[in-house]
Number of protein chains: 2
Amino acid sequence: MPGKSKSTNPAPTLVDVARLADVGLGTASRALSGQNLVSEETRKRVERAAERLGYQRNELARGLRVKRSGAVGIVVPNIGGPFMAQCIRGAQKVLRQAHYTSIIAFTDGDGRIENEEIDYLIRHQIDGILIVPSDGEDSVLHTTRVSKLPVVAFDQPISASTFDSVLVKNKQAAKVAVQHLIGHGHKRIGCIGIHRHLYTIQQRIDGYRSAIKDAGLPPMLEIVSPDDGSVARQIDIWRAMKQPPTAIFSINELTTLQVIEAFASRSIKVPEELALVAFDDVQLGPFLHPPLTAMVQPASRIGESAATQLLARINGNADEPAKRLQLDLDFVIRGSCGCTPTA
Amino acid sequence: MPGKSKSTNPAPTLVDVARLADVGLGTASRALSGQNLVSEETRKRVERAAERLGYQRNELARGLRVKRSGAVGIVVPNIGGPFMAQCIRGAQKVLRQAHYTSIIAFTDGDGRIENEEIDYLIRHQIDGILIVPSDGEDSVLHTTRVSKLPVVAFDQPISASTFDSVLVKNKQAAKVAVQHLIGHGHKRIGCIGIHRHLYTIQQRIDGYRSAIKDAGLPPMLEIVSPDDGSVARQIDIWRAMKQPPTAIFSINELTTLQVIEAFASRSIKVPEELALVAFDDVQLGPFLHPPLTAMVQPASRIGESAATQLLARINGNADEPAKRLQLDLDFVIRGSCGCTPTA
DNA sequence: CTGAAAGCGCTAACAA
DNA sequence: TTGTTAGCGCTTTCAG
């Protein structure tokens, strides 16, 4: 019958499948959702019909009905270095295995954007949130106000601490790193960093302080602005001192990048003039001159744990008390601390 | 009335809003969706009601009704370096401005996973796909088979080329990079890379060949396996030759990382013994000894363009012929090529 | 300009 | 075991 050809054939629905398999709608649904309430034979028929039509179930419709979207939001400041990227991949891996999609949202560390993004995610009926909180304060209050959603924080904790979180042992690890420098005989160890307000940074500073104090050394702590060049300026200041530091503990990836830049542009000899130990690895860290000694975070595992906890919350145990995981770090000794690495 | 307190109060729906504002359901809908088919006064009342209830519209339900999910899928092999991360952020930026969510899926460059992920996305009723095709072949055939979805490829083209794509001028840029080396007087220039089968790699090889041929030089082209160490091995082979290359053109980020590693572990002097020009920048590239000269891709712009094109397809112009954008690259001259950078 | 009603594709209760 | 039906929350006719 020409002249009235179907212009677009819409995606097949469950009704189509049921019709083709010559069963009722409900039966088709049951057959495909793998529940054993349907005879082996009809299930086969339904499955074949679905196959032939290329049927794909509409998760939107399903979600509307069962009030689960099968999606969770991952809210992070950005994907700067490999660290966050790996956290995300780790989380996605376990979410996917549980048949969850994840929607990633970036906040640039801005609380306002964070709130917007969370609203956005809520409108899309996500079942839970994995978040690196930007400000600690109102952001997640907002979440909990709007909806009773499972939330787990990672990397940074949530101040309103009724939520789960997955962190690393920042303080302890920082202490170990600094103590390694002390073990090399350094008496004046500078600590440099940015973003003082972040919890992780504070913890690492505490670790530094603790190590320094235990050893009876003078603290040389400088938290500078994150602007380009302020790290380099601080290094110049240190070098100009009568009693300059002989080693540096760099407090996160971004800082380390700037330290390395400063070292390179000033041809500072490492570790002779200044030894260096970093919190967080950097890409190419193993291939610098000398290779970077770093306290490295188990990024992928952080993401996995966070996702696992979120799934647990989603699947029922909403009332258990908040859990706060603290993962261990790996201290990777390469050359910049003064050790001669055994290749 | 104690004893029967609402255990959980579900999220407010449009019905709640309508009731509170004392209007019909339809009116409430129209008022909130900003259509001008409602009196200024009632709109105000509805908006106030929505505000008071903390109403957030259910995008799942809306999507089911209007057959638009407001989500697009971004399908990429992985977030290795900063390149892909920036592409994604660029794309997200323009998608968000158009009120689209994006769902990111990773494929590890595996066609089978790619198909799975695409099916997954289709079940979630995405409105379009942004993809870095893994294999060129069947993956997207699959897509088009299952559904008539707008698709735009970036970074790598789609072989079945009825789709839009956003690429960069790989061949031309590679030629420019190699010619720069020739300009430094090099007569034997090695080209090293991995992943021969990728379109981008082939284009860059063509560019290398073209430059070499134009200059009447001997081609020294080696595509090695992506295994760790095979790049280093090739460099050793070159160095052992009677007439070793005096410069290297490294074909992508992963290769460059390995080249840098090999240079470092063998204490090869750059650019004296071997000059280096890379396709793709690496993190820390400016801070290596010497800083890396690189042909860098406009990552963010790639993502933005791809997203823009996708939106255009979604919003109507489904029938226009496939567009193939080719963006320009920036040649960033630092030290590794033999130039003395003007700091 | 507004209200009532239909229906998007699915699952879950209820009958048969 | 299976078919029928109601309804998730929304938009969009269609009357008024």
Side-chain angles (χ1 to χ4, degrees), chain A residues 8-47 49-50 53-71 99 122-127 146-147, chain B residues 8-47 49-50 53-71 99 122-127 146-147:
Chain A
T8 41
N9 55 332
T13 81
L14 199 51
V15 185
D16 301 320
V17 175
R19 191 151 36 210
L20 180 59
D22 198 39
V23 296
L25 176 57
T27 308
S29 172
R30 283 184 293 254
L32 291 180
S33 48
Q35 308 180 40
N36 282 339
L37 307 137
V38 64
S39 81
E40 192 56 29
E41 194 238 316
T42 39
R43 131 154 332 106
K44 283 244 171 67
R45 223 171 51 244
V46 173
E47 274 168 355
L53 293 172
Y55 170 75
Q56 301 264 43
R57 126 171 116 198
N58 183 335
E59 296 285 351
L60 252 56
R62 173 171 214 268
L64 180 59
R65 183 60 230 248
V66 302
K67 289 168 175 316
R68 280 183 51 258
S69 67
H99 297 287
I122 288 176
R123 283 198 292 275
H124 283 267
Q125 309 299 114
I126 44 153
D127 300 326
V146 169
S147 147
Chain B
T8 41
N9 55 332
T13 80
L14 198 51
V15 186
D16 302 319
V17 176
R19 193 151 35 213
L20 180 59
D22 196 40
V23 295
L25 176 56
T27 309
S29 172
R30 284 184 290 256
L32 291 180
S33 48
Q35 308 180 41
N36 282 339
L37 307 136
V38 64
S39 80
E40 192 55 29
E41 194 238 316
T42 38
R43 130 153 333 106
K44 282 246 170 67
R45 225 174 44 247
V46 173
E47 274 168 355
L53 294 171
Y55 169 75
Q56 301 265 45
R57 128 170 114 196
N58 182 334
E59 296 285 350
L60 253 56
R62 171 171 216 268
L64 180 60
R65 182 61 232 244
V66 303
K67 290 167 173 314
R68 278 184 54 258
S69 66
H99 298 286
I122 288 176
R123 283 198 292 277
H124 282 268
Q125 309 300 113
I126 43 152
D127 300 327
V146 169
S147 147

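The analysis underlying the following values was restricted to heavy atoms, covering all of them including side chains, and did not include hydrogens, waters or symmetry mates. Chain A is the first sequence line, chain B the second, and so forth, proteins listed ahead of strands; every chain is numbered from 1.
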- Task: Figure out the CG/P separation between Leu60(B) and dG9(C), and round it to whole Å.
- Result: 14 Å
- Task: Respond yes when some side-chain nitrogen or oxygen of Ser29(B) is under 4.0 Å from OP1 or OP2 of dC10(D), and no when none is.
- Result: no
- Query: Expressed in angstrom and rounded to an integer, what is the separation of Leu32(A) atom CG from dT2(D) atom P?
  - Reply: 13 Å
- Message: Taking the basic N atoms (NZ, or NE/NH1/NH2) and the acidic carboxylate oxygens, is any pair closer than 4.0 Å for Glu59(B) and Arg57(B)?
- Response: yes
- Taking every heavy atom of Ala28(B) against every heavy atom of Ala18(B), the minimum-distance pair comes out as CB-CB, 3.9 Å
- Starting from C1' on dT11(D), measure out to CD on Glu59(B) and report it in whole angstrom. 12 Å
- Item | Salt-bridge present (Glu40(B), Arg43(B); N to O < 4.0 Å) | yes
- Task: Check every atom of dC1(C), dT1(D), dC10(C) against the side chain of Ser39(A) and return the nucleotide holding the closest atom.
- Result: dT1(D)
- Picking from dT2(C), dA12(C), dC10(C), the nucleotide nearest the side-chain atoms of Val38(B) would be dT2(C)
- Task: Starting from C1' on dG9(C), measure out to CZ on Arg123(B) and report it in whole angstrom.
- Result: 15 Å
- Task: Would you classify Leu25(A) as touching base, sugar-phosphate or nothing, given that sugar-phosphate means primed atoms plus P, OP1 and OP2, and contacts are heavy atoms under 4.0 Å?
- Result: base
- Item | Under-3.5 Å donor-acceptor pair between Arg30(B) side chain and dG3(C) base | yes
- Query: Among dG9(C), dC10(C), dT11(D), which is the nearest nucleotide to the side chain of Leu64(B)?
  - Reply: dG9(C)
- Message: With nearest nucleotide decided by heavy atoms, which residue, Thr13(A) or Asp22(B), maps closer to the 5′ end of DNA chain C?
- Response: Asp22(B)
- Over how many whole Å does the gap from Arg62(B) atom CZ to dG9(C) atom P extend? 16 Å
- Asn58(B) atom CG is separated from dC8(C) atom C1', nearest whole Å, by 13 Å
- Task: Please state how far atom CD in Gln125(B) lies from atom P in dC10(D), giving the value in whole angstrom units.
- Result: 18 Å
- Does Ser33(A) use its side chain to pair, donor to acceptor, with the backbone of Ser29(A) at less than 3.5 Å? yes
- Please work out if Ser33(A) contacts a base, only the sugar-phosphate, or nothing of the nucleic acid, heavy-atom cut-off 4.0 Å. nothing
- Given dT11(D), dC8(D), dG3(D), the nucleotide with the shortest approach to the side chain of Thr27(A): dG3(D)
- Would you say Thr42(A) reaches dT1(D)'s phosphate, i.e. side-chain N/O to OP1/OP2 under 4.0 Å? no
- Query: Of all the nucleotides listed (dT12(D), dT11(C), dC10(C)), which has the minimum atom distance to the side chain of Arg65(B)?
  - Reply: dT12(D)
- Query: Over how many whole Å does the gap from Arg43(B) atom CZ to dC1(C) atom P extend?
  - Reply: 10 Å
- Message: Just so I know, are the side chains of Arg62(B) and Arg68(B) near enough to count as touching, which here means a heavy-atom distance under 4.5 Å?
- Response: yes
- Message: Just so I know, are the side chains of Asn58(B) and Leu14(B) near enough to count as touching, which here means a heavy-atom distance under 4.5 Å?
- Response: no
- Item | Among dT4(D), dG9(C), dG3(C), the one nearest Lys67(B) by side-chain distance | dG9(C)
- Item | Any Arg57(A) side-chain N or O less than 4.0 Å from OP1/OP2 of dT11(C) | yes
